[in-house]
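Side chains included, hydrogens not; waters and symmetry mates left out as well; all remaining heavy atoms used. Letters A, B, ... mirror the listed sequences (proteins, then strands); counts begin at 1.
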There are 2 protein chains.
Amino acid sequence: MDVSAKPKLDDVARVAGVSTATVSRCLNEPAKVTSKTRERVLSAVEALGYTPNFGGRALASRKTHTVGAVIPTMENAIFARGLQAFQEALAEAGVNLLVASSGYDAEREAAQIRALVGRGADGILLIGTARPEKTRAFLKRFATPCVIAWSIGGPGDVYVGFDNVAAARAIAERVIAFGHRRIAMISGITAMNDRAAGRIAGVRAALSEAGLSPEGLVVEEVRYAFDEAGVALHRLMAAPEPPTAIICGNDVLGVGAIVAARRRGLTVPCDLSITGFDDIDIAALVEPGLTTVHVPHRRMGLAAAKALLDLIEGQPQDRHVSIETSIIERGSLGPAPRSSSIGR
Amino acid sequence: MDVSAKPKLDDVARVAGVSTATVSRCLNEPAKVTSKTRERVLSAVEALGYTPNFGGRALASRKTHTVGAVIPTMENAIFARGLQAFQEALAEAGVNLLVASSGYDAEREAAQIRALVGRGADGILLIGTARPEKTRAFLKRFATPCVIAWSIGGPGDVYVGFDNVAAARAIAERVIAFGHRRIAMISGITAMNDRAAGRIAGVRAALSEAGLSPEGLVVEEVRYAFDEAGVALHRLMAAPEPPTAIICGNDVLGVGAIVAARRRGLTVPCDLSITGFDDIDIAALVEPGLTTVHVPHRRMGLAAAKALLDLIEGQPQDRHVSIETSIIERGSLGPAPRSSSIGR
DNA sequence: AAATGAAATGTAAGCGCTTACAAAAAATCC
DNA sequence: GGATTTTTTGTAAGCGCTTACATTTCATTT
C-alpha cells in the first residue's frame, strides 16, 4: 500500500472488509451499523489515517457544513469579538466558518458572496444593509440562507443587529446634556456603510431635537484607522470655531482622536470631549478612558449564529433580533469648557 | 428553466451551444478558446448567474486553490497584521485562505490540520515549532506542503520567521544597558508556545551575559490579555524587592502592564520600565509609548505566502527565510531609578 | 421448522466538474 | 489544390463520496 497516497473510502472499506456504503454510514450515521462492524471500520480508519475528502462529500451530499461571513475589514478589532463568538457558536454545532473581507467595496462583496456560494456555503452572514440590488437579487435567486448583522435590516431580511441611529442619538444627547453646542463628528466613510451613515443621522437627530442646527454638524469622513482620526481631528481643530466635543463613529477613531488631541496639547475632556462607539478593548486602556456606546458583540455573534443555523435547518425562528446597546462613561466626555477660545 | 436551481456547467454549455469541456476551459484557461466562443460562453455564464461548484471542481482537478492557516488565537491583534498580508498575497495568486484557531492546544491544532487537509487545502501555514511528533508525522505522511512562521524552524522545515531568542536577548540587553538589575518578565504561557519560551530564554541569556543570575529572573506566565498583564504586574510589584523593569512577552502584555502600572500610581518609566514585543498599533498609542521589538509582520506574511505557493508548485526556493527584527524606543524604557525603594 | 419482518449490509448510480484523447476546423505549406 | 500542421472543440471517463434500492442476515413469531 502506497503510504504517501491519501487513503480513500475504498481503502478503508477494503481493510475493514466491508462495502464503501457501510464505511460511509459508519462515519455519518453510526447508529445504523452494528457495533462490531463499526469497531472494525473505525480501527481501519485509524490505521490508515483516513480523512474524508471534503469535495467528494460535499458533491455527493450537497451539504458542506460550512457557512461564510463577508465582513468589511479584518484590519482592526471592530468585528473581531462578534465574529469570534459567531465562530464559537458554529463550531459547537459542527459547522465551519469561512471568512472573507470586502474592504467596504460592493463589487468585492458580491464576488466574495459568489465565491462562498460556489464553495457551497450552506448559509452566509453579512454585515449591514448597504448593498446593491444586484447582490440582493443574487442571494434571493439561489435562496441562500442569509443573516444580516450589525444593523437593523428590512422587513424581508433576517437580522441580528442593533439600531445604529438610536445608539448614536443617545450618545449625542449625552454630549449635548454636558453643555456642548459646537459638536463635530469623525465618521467612517459612509459609502456602502449604513452603520456609519446611521450614526451620523442619529447625531443629527439629537441636535435637531435639542434645537441645534443639524446642518451645522461638521463631519469628517475617514477610514477606520488611528492616524486618520488624528488627521481629521487636526483639521477640525484648525477651524475658526473649533468644536468642544467630537463624536467619533467608532472606538478606533475615538482612541485615535484622544491620542491626537493629547499630542496637540489638548486635555481631554477639559479642553475637548471625545466619544467613541463599539466599546472594544482599547477604549478602556487609553487615558482618559473613552466614553462610548457599548455594543454586546459577543451576544450579537452568538445570536447571529443561532439565527443562521435555524434558517439553514428551515426551522421557525425570530427573524428579527434587536440587540440593546448602552453607554459606558469613562471620562473622555466632560462638561463643555466655559470659554470657547481654545484652538483659536 | 427552473430559476431557483443553481445552474451547472451543463446548463451554461447548453445555453452557449458548446460542450462542457469548452465552458470549463473558458473558465480555467481562457487562452485556449477563441475569443468568439469565449464571449458566447461568458455571456451565458452571466445570464444564468453561474458559479462553479467548489466540490465538483476540487474533486475533478484535485486542486482546491485553498490554503489553510492554523493560528493559536484570533482574540487579539498578535497575528492579525501578518495574516492579513499573507491573505493578500494569496488572493493575488487566486488562492483562498481558510483560517482556524487552536487556542494554543495541541489536540485542537491537530484536529484543525486534519480538517483543513480533508477540505483539500493545498498547503498549510502553521505558527511556531512546538507540536507533538504525531502532528508532524501526519503532515509528513501525506506530504502536505507546510510552512512555519513566527519562528526559526528546524533544518527539515520550511519556515519564514524570526529569531525569538535573539530578539528578546537584544531588548533585554537594552534594558540592562539602562542600568536595570532587578528585571522581571510577564510572559505568555510557554506550553506549546516556542515563541514565548524562546523569549524567556533570550532574556535569560542576556542576564547571564551581563553577569546577572538568569535563575533569579522572576517570570509570570499569563494568557495574552490586557487584564492578565495587570494582575501579573501587581503580583510582581508586591514582592519585597520589586523589579525596576518588566520585559513583557508581547505588546498586549506590555500595554496591559503600562496601564496597570499607571493605575497603581507608578510613573513609567521613572518608577518602572516596561517593554513589549511585536510592535502592534496600540504600542504607539499608550502613554508613554511602548518600547518594543518591531516585528515586520507584513513582510513575514508576504514571504510566507510566497514560500507556501512555491512549495505547492514544487518550485525550488528558499526553504529558510529569516526576518530581521529591530528595537523601537518609545519611552516606556528609561534609566533604572536611583533608589529602589519603590513598592516596598 | 418454516414463515415473516426488521435490521444490517451491499450494489451501483450519480453529485458537478476537469482533462486525456479523439475529432473537427482552420491555418500553413509545397 | 491537396497534404500537413496547428488550433479549437467535443467525447467520455473518472475524481471520492453518499444514498436509494436490492439483497442478505438474523431475530421473532406461528
Value in whole Å for how far the [atom2] atom of [N] lies from [atom1] of [X]:
X	N	atom1	atom2	value
B:F54	C:dT18	CZ	P	12 Å
B:L9	D:dA12	CG	C1'	14 Å
B:R57	D:dG16	CZ	P	18 Å
B:R40	D:dT8	CZ	P	15 Å
B:N53	D:dG16	CG	P	16 Å
B:K63	C:dG16	NZ	C1'	20 Å

ask   = Which pairs pass ring-ring contact (aromatic ring centres under 6.0 Å, His included) with one or both residues in residues 66-86 of chain A, sequence neighbours excluded?
value = A:F79-A:W150

inquiry  = Taking the minimum atom-to-atom distance to the side chain of B:K8, which one of D:dG16, D:dT18, C:dG16 wins?
reply    = C:dG16

message = Which residues pass the salt bridge (charged side-chain N to carboxylate O under 4.0 Å, His left out) test with B:R136, not counting sequence neighbours?
response = B:E133

request  = Write down the atom of A:A89, the atom of A:L309, and the distance for their closest heavy-atom approach.
outcome  = O-CD1, 4.4 Å

message = Nearest heavy atom decides the nucleotide; on that basis, is B:S19 or B:L59 closer to the 5' end of DNA chain D?
response = B:S19

message = Base, sugar-phosphate or nothing for B:Y50? Non-hydrogen atoms, less than 4.0 Å.
response = sugar-phosphate

query = What residues in residues 20-37 of chain A put a non-hydrogen atom under 4.0 Å from any atom of DNA chain C?
reply = A:T20, A:A21, A:T22, A:R25, A:V33, A:T34, A:T37

note = With sequence neighbours left out, the residues meeting ring pair (Phe, Tyr, Trp, His ring centres under 6.0 Å) with B:F138 are B:F142

inquiry  = List the residues meeting side chain to side chain donor-acceptor pair (under 3.5 Å) with B:Q112, not counting sequence neighbours, and say none if there are none.
reply    = none

remark   = Residues at least two apart in sequence or cross-chain that pass side chain to side chain donor-acceptor pair (under 3.5 Å) with B:R62, listed by chain then number, are none

ask   = Does a side-chain N or O from B:R62 land closer than 4.0 Å to OP1 or OP2 of D:dC15, or not?
value = no

